[in-house]
Visitor: 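Quick one: the structure is below, questions incoming.
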Amino acid sequence: MDKELQQDLQSRREANLYRSRKTLETAQGPEVVIDGKPYLAFCNNDYLGLANHPEVVARLKKATADYGVGGGASHLVVGHSRAHHQLEEELAEFTGRDRVLLFSNGYMANLGVISALLNKQDAVFQDRLNHASLLDAGLLSGARFQRYLHNDVDNLTTRLERSDARRKLIVTDGVFSMDGDVAPLPELAELAKQQNAWLMVDDAHGFGCLGKMGGGVAEYFDLSQDDLPVLVGTLGKAFGTAGAFVAGSEALIETLIQFSRTYIYTTSMPPAVAAATRTSLKLLREETWRRDHLQVLVQYFRQGCEQLGLQLMESASPIQPVMVGSASSALAMSNALAEQGILVTAIRPPTVPEGTSRLRITFSAAHSREHVDQLLSALERTVSPLQEEVA
Ligand SMILES: *Cc1c(COP(=O)(O)O)cnc(C)c1O
């Protein structure tokens, strides 16, 4: 067995697609220590700087004293605690939906939702740049699977018109995880109604960042439950904790409780994590300065890149990828930045399509302007000459 596996590993290495893990020795934040060396990091998804917020940490400790550590059982057996229930109610109020259901993580939420809603008689229509968990969920559901061109409403319309499936589910990222751009949701919501299709949005990267109160794309575009009936959020990004949720109608949530296998057959998230997330939800809503500061950093960075002649993608979110092209150049740039103490990950296929490897730079409210200055100088030394060569 090992001999055969080694061959596959070797070809992955030769294609510059080999992944290796870095061992983090500190909490998440702008300044981290990895394998004994200090770095200024621009690659986590802790957009609001809540993953190591003292109030969230204190709440987790206190809740651990009350609830212990493990969830102990699945939600339907005896793992559904008061803390889970309160978080669900607060998230329902926050999202303006009838009800919310917690999942252990976003990957499982997406698998659980799509396979509970669809079967072989149905069809799922996904943006071709959707997150892997959505694509996998579509395949698992057994529904006919179509990928439409990125953010291309006309292409999707044609596909919907041709379909005679029992149910049609349109699925998209809200803010695209590797590109940072936003789905054209008002148009998609309109189209879904016209075509008698259902709309599901995974807003893992929008919650906390978009909307005045951090309500993500639904708040940003003012889309009601009727416009956007299946809304998924994750808690491991801007919320700074762990887990995920689905927000929607009473009937949707009951359907998931009855039929969603990744909800039913798994241990509930640790109840103390749910309690800590209630604190992070409060901070996420109330401390609007975090979103404002993040926007200032993003604008400041984009201006700096323009002065350097660096090519950025169309993104107003804290995800600011620098497009590179080949996996080997992206990797070389990432390594060269690391030598200067700047941590930015190279994102390569199969996470992104062939030929679109990039540096995925992300910002957090915990970064300062000085941090951005340091990043810009390092990019100037490393990436601008290389990007010219590539272009
Ligand atoms: C991170 C992410 C997920 C997975 O969420 P986890 O809670 O980390 O499993 C799902 N969808 C999108 C768009 C993501 O970016």
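One is the number of the first residue; the rest follow in order along the sequence. Read the numbers this way: they start at 1 and go in the same order the structure lists the ligands and their atoms.
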Visitor: Can we say E254 and R99 salt-bridge, meaning some charged N sits less than 4.0 Å from an Asp/Glu carboxylate O?
Guide: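 A salt bridge links E254 with R99.
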Visitor: Decide whether Q146 and R159 meet the rule of one side-chain donor and one side-chain acceptor closer than 3.5 Å.
Guide: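 Yes.
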Visitor: Here's a test for you: under side-chain contact (heavy atoms from CB on, under 4.5 Å), which of L135, D173, N151 qualifies with D127?
Guide: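 That would be N151; it is the only one of L135, D173, N151 passing the side-chain contact (heavy atoms from CB on, under 4.5 Å) with D127.
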Visitor: In terms of side-chain geometry, is the basic nitrogen of E93 or R285 positioned less than 4.0 Å from the acidic oxygen of its partner?
Guide: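 Salt bridge present between E93 and R285.
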Visitor: Regarding atom 10 (C) of ligand 1: of the candidates N130, D202, I319, V201, which has the closest heavy atom?
Guide: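 Shortest heavy-atom distance from atom 10 (C) of ligand 1: D202.
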Visitor: List every atom of ligand 1 that sits less than 4.0 Å from any heavy atom of A204, numbering the atoms from 1 in the order shown and giving each element.
Guide: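 Listed by number with element, the hits are 12 (C), 13 (C), 14 (C), 15 (O).
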Visitor: Would you say S177 and ligand 1 have an N/O pair spaced under 3.5 Å apart?
Guide: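 S177 vs ligand 1: no N/O contact under 3.5 Å.
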Visitor: Show the atoms of ligand 1 that are less than 4.0 angstrom away from any heavy atom in G106.
Guide: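 Checking each atom against G106, I get 4 (C), 5 (O), 6 (P), 7 (O), 9 (O).
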Visitor: Looking only at distance, does D173 have an N or O less than 3.5 Å from an N or O of ligand 1?
Guide: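 In fact, backbone or side chain, D173 has no N or O that close.
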Visitor: For S133, take its heavy atoms, then give the atoms of ligand 1 lying under 4.0 Å from any of them.
Guide: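 So the answer, numbered in order with elements, is 10 (C), 11 (N).
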Visitor: Decide, yes or no, whether a salt bridge links R128 with D152 under the criterion of side-chain N to carboxylate O below 4.0 Å.
Guide: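 Salt bridge between R128 and D152, a charged N being under 4.0 Å from a carboxylate O: no.
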Visitor: Please report which non-hydrogen protein atom sits nearest to atom 4 (C) of ligand 1, along with the residue it belongs to and the distance in Å to one decimal place.
Guide: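 I find the closest protein heavy atom is Y107 N, 3.6 Å.
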Visitor: Run the numbers for me: atoms of ligand 1, each under 4.0 Å from some heavy atom of N110, listed by number.
Guide: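 Atoms satisfying the 4.0 Å criterion: 10 (C), 11 (N).
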Visitor: Looking only at protein heavy atoms, which one is nearest to atom 2 (C) of ligand 1, and what is the separation?
Guide: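 The protein heavy atom lying closest is K237 NZ, 2.3 Å.
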Visitor: For the residue pair E370 / Q374, report whether a side-chain donor-acceptor contact shorter than 3.5 Å exists.
Guide: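 Checked: Q374/E370 side chains show no N/O donor-acceptor pair below 3.5 Å.
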Visitor: Identify whether NZ of Lys or CZ of Arg in R147 sits under 6.0 Å from the centre of the six-membered ring of F125 and within 45° of that ring's axis.
Guide: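 Negative - R147 is either too far from the ring of F125 or too far off its axis.
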Visitor: What residue and heavy atom of the protein are closest to atom 15 (O) of ligand 1, and at what distance?
Guide: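 Residue, atom and distance for the closest contact: H205 NE2, 2.5 Å.
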Visitor: Give the atoms of ligand 1, by number and element, whose distance to some non-hydrogen atom of T234 is under 4.0 Å.
Guide: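 The list of qualifying atoms is 5 (O).
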Visitor: For R369, is there an ion pair with D373 - N to carboxylate O distance below 4.0 angstrom?
Guide: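 Looking at R369 together with D373, the answer is no, because their closest N to O distance does not fall below 4.0 Å.
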